[in-house]
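Since we're looking at a predicted model, the values are computed, not measured.
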Amino acid sequence: MTQQYGISEYPDVDIVYAKLNALISQPIRPVNRQKMKEYLEYFENKCKGSKLLIEEAKNFIPGGVQHNLAFNYPFPLAMEKADGAYLWDVDGNQYIDFLQAGGPTMLGSNYAPVREKVADLLKNCGPVTGLFHEFELKLAKLIQQHMPSIEMFRMLGSGTESVMAAIRAARTFTKKKYIIKVGGAYHGWSDPMVYGLHIPGTGRFEAKGIPHGASAGTKEFYPNALGALKRQLWLNRFRGGTAAVIVEPVGPESGTRPVPKDFNQKVRELCDEFGTLLIFDEVVTGFRLGLGGAQGYFNVKPDLTVFGKCITGGYPMAGGVGGRRDVIATFAAGIGGTGERAYVGGTLSANPLSCVAGYYALIEMEKTNAAVIAGQAGDRLTKGLQAIIEKYSLPFVAYNQGSIVHLETSGTMLLDFKNPIRLLKELKPRKHMMEEMGAAYMANGLVTLAGSRMYTSLADTDEVIDDSLLRFESVLKECHE
Ligand SMILES: Cc1ncc(COP(=O)(O)O)c(C=O)c1O
């Protein structure tokens with residue numbers, strides 16, 4: 001089968017890094033103060049309903065908000081309606097939605113053909129029985145059809161859980177100790193993975209409440225530093241070995257630090273040299289880059305693949321791990337296991353609702369060629385943003401991997417621990433600028449991911465993208481020197 005992918009042209013990574021390095025070597029260029037004041041007034045004047053709800057929520061919910069990706073400056077907005085490319089808040093304001101719930105809604109929000117299948121299932125079966133349902137099999141077979149490396153598939157509840165499970169299977173199978181990740185990569189919030197989180201080189205910096213032992217078997221290496229990876233693999237060999245190397249195949253934080261195109265192949269070769277399993281975390285890239293995932297696009301076969309997000313088309317609960325039959329077989333469920341198995345479970349994992357939603361979401365993505373269309377929208381958005389950056393001689397950087405679009409204005413995500421003094425000095429102001437940019441876009445009717453990333457979907461027509469570009473321009477042109 002010929003696969004189609006949403007990346008029409010892989011970014012020239014050297015050029016991207018040159019621009020990103022130039023961006024973080026100069027002072028920040030936030031929206032001018034007068035304009036920012038006006039944008040903040042938008043929230044006070046037009047978002048009164050959200051404000052009331054959030055004030056009350058703060059008494060019941062820590063911080064008043066439960067999503068890490070939620071935009072929450074100056075205060076979070078409460079959404080009421082979602083349809084296709086748009087969201088509406090409780091005050092009736094409309095937004096173009098480039099958050100896409102953090103990535104799962106590739107078909108656009110609340111896609112009717114999937115919703116109808118979910119509703120049919122609910123009528124007959126409800127969301128859960130705790131027993132086997134045929135759609136578990138249908139989904140597993142469909143995934144294998146598109147990703148041949150997935151000889152077996154185990155559905156789970158989230159990306160975080162699935163990373164945990166993949167690590168456990170890798171250790172059970174190889175009987176080795178270490179897991180190596182890329183510094184800055186996000187693999188969910190399990191104990192061993194809250195290590196080198198967001199910012200490369202920071203190790204246990206974010207590991208509040210996590211005992212040392214829980215991440216004692218985790219190591220990180222700087223993004224794209226294959227020599228450092230090889231050194232770590234070599235060192236680990238004398239201390240219990242490396243069970244697996246886990247990567248986000250477009251680069252940490254969904255390609256915020258993009259990988260050179262041959263990076264994954266080189267990691268594969270190193271894993272083979274050291275008898276280590278390769279885990280692709282395709283929570284974001286799985287089905288978004290194309291039905292064959294990043295592994296199809298890069299033509300690299302991982303031993304294990306972690307899924308989330310798109311695997312249920314935006315419905316709960318989105319997670320799964322698949323791969324080599326001999327490794328995945330360590331999960332065999334049911335009463336009477338051998339004691340050799342890697343323990344995984346979950347009351348609601350592989351429930352019929354998630355499986356039916358996932359199955360029909362993938363069928364619809366195939367029918368509509370969603371990854372390619374969303375990728376074209378990503379290209380159009382990126383080209384438009386690059387033109388705006390050039391027009392106003394801004395130091396900002398826009399690039400994309402298909403429907404994953406990056407717009408770096410503050411460069412926060414590019415700081416690292418190699419230069420701890422700069423990190424200490426610049427993290428706070430750059431983070432604040434990122435928040436401000438998110439708020440400025442929002443006040444102009446654009447929902448982004450943390451003010452620096454956009455996911456495009458099947459619903460993003462040329463008209464939607466062109467409308468969004470006008471809105472982006474009105475913000476970006478206010479970032480004077
Ligand atoms: C690459 C990657 N891995 C794992 C996760 C965790 O998935 P979940 O939020 O479903 O636990 C995420 C979530 O954003 C992710 O982007």
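For Trp88, the CH2 atom is densely surrounded, since the number of other residues' heavy atoms within 6.0 Å is greater than 12. Counting non-hydrogen atoms of other residues, nucleotides and ligands closer than 6.0 Å to CD of Gln26 gives a total above 12. The 12-atom threshold is not exceeded at CZ of Phe205, counting heavy atoms of other residues, nucleotides or ligands nearer than 6.0 Å. Counting heavy-atom neighbours within 6.0 Å of Lys367 NZ, excluding the residue itself, gives a total of 12 or less. Few gaps surround CD on Gln94; more than 12 heavy atoms of other groups in view lie less than 6.0 Å from it.
The aromatic ring centroids of Phe135 and Tyr360 lie less than 6.0 Å from each other. Proximity of the aromatic rings of Phe307 and Phe287 is defined here by a centroid distance below 6.0 angstrom, and this criterion is met.
Ring geometry for Phe472 against Phe98 counts as parallel: the plane angle stays under 30°, on a 0 to 90° scale with 60° as the upper cut. Relative ring orientation between His432 and Tyr73 is described as perpendicular, the plane-to-plane angle rising above 60° on a 0-90° scale split at 30° and 60°.
Counting all heavy atoms, side chain and backbone alike, Val114 lies closest to Ala357 at CG1-O, 3.8 Å.
Of the inter-residue distances, the one linking Ser410 atom OG with Met437 atom CE reads 8.5 Å to the nearest 0.5 angstrom. To the nearest 0.5 Å, the span separating CD1 on Ile363 from CG on Leu142 amounts to 5.0 Å. Between atom CD1 of residue Ile246 and atom CE of residue Met193 there is a gap of 5.5 Å, rounded to the nearest 0.5 Å. Rounding to the nearest 0.5 Å places CD1 of Ile7 at 9.0 Å from OG1 of Thr285.
Taking 4.0 Å as the cut-off between side-chain N and carboxylate O, Arg471 and Asp467 count as a salt-bridged pair. Using a cut-off of 4.0 Å between Lys/Arg side-chain N and Asp/Glu carboxylate O, Lys46 and Asp91 are scored as not salt-bridged. Using a cut-off of 4.0 Å between Lys/Arg side-chain N and Asp/Glu carboxylate O, Glu44 and Lys51 are scored as salt-bridged. Residues Arg33 and Glu436 are paired through a salt bridge, judged by an N-O separation under 4.0 Å between the basic side chain and the carboxylate.
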Please step through side chain to side chain contact (heavy atoms under 4.5 Å, CB included) for the pair Leu20 and Arg257, ending with a clear verdict. CA-CA 9 Å; Leu20 290 171; Arg257 288 181 165 84; over 6 Å; no
Run the side chain to side chain contact (heavy atoms under 4.5 Å, CB included) check on Val259 and Tyr10 step by step: do they pass? CA-CA 10 Å; Val259 295; Tyr10 197 75; 3.4 Å; yes
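Judged by the 6.0 Å and 45° rule, Lys418 forms a cation-pi pair with Tyr222.
Residues Lys117 and Tyr359 form no side-chain contact, since every pair of their non-hydrogen atoms from C-beta on lies 4.5 Å or further apart.
Donor-acceptor pairing under 3.5 Å is lacking for the side chains of Glu248 and His187. Side chain to side chain, Asp89 and Ser50 fail the donor-acceptor criterion of an N or O pair below 3.5 Å.
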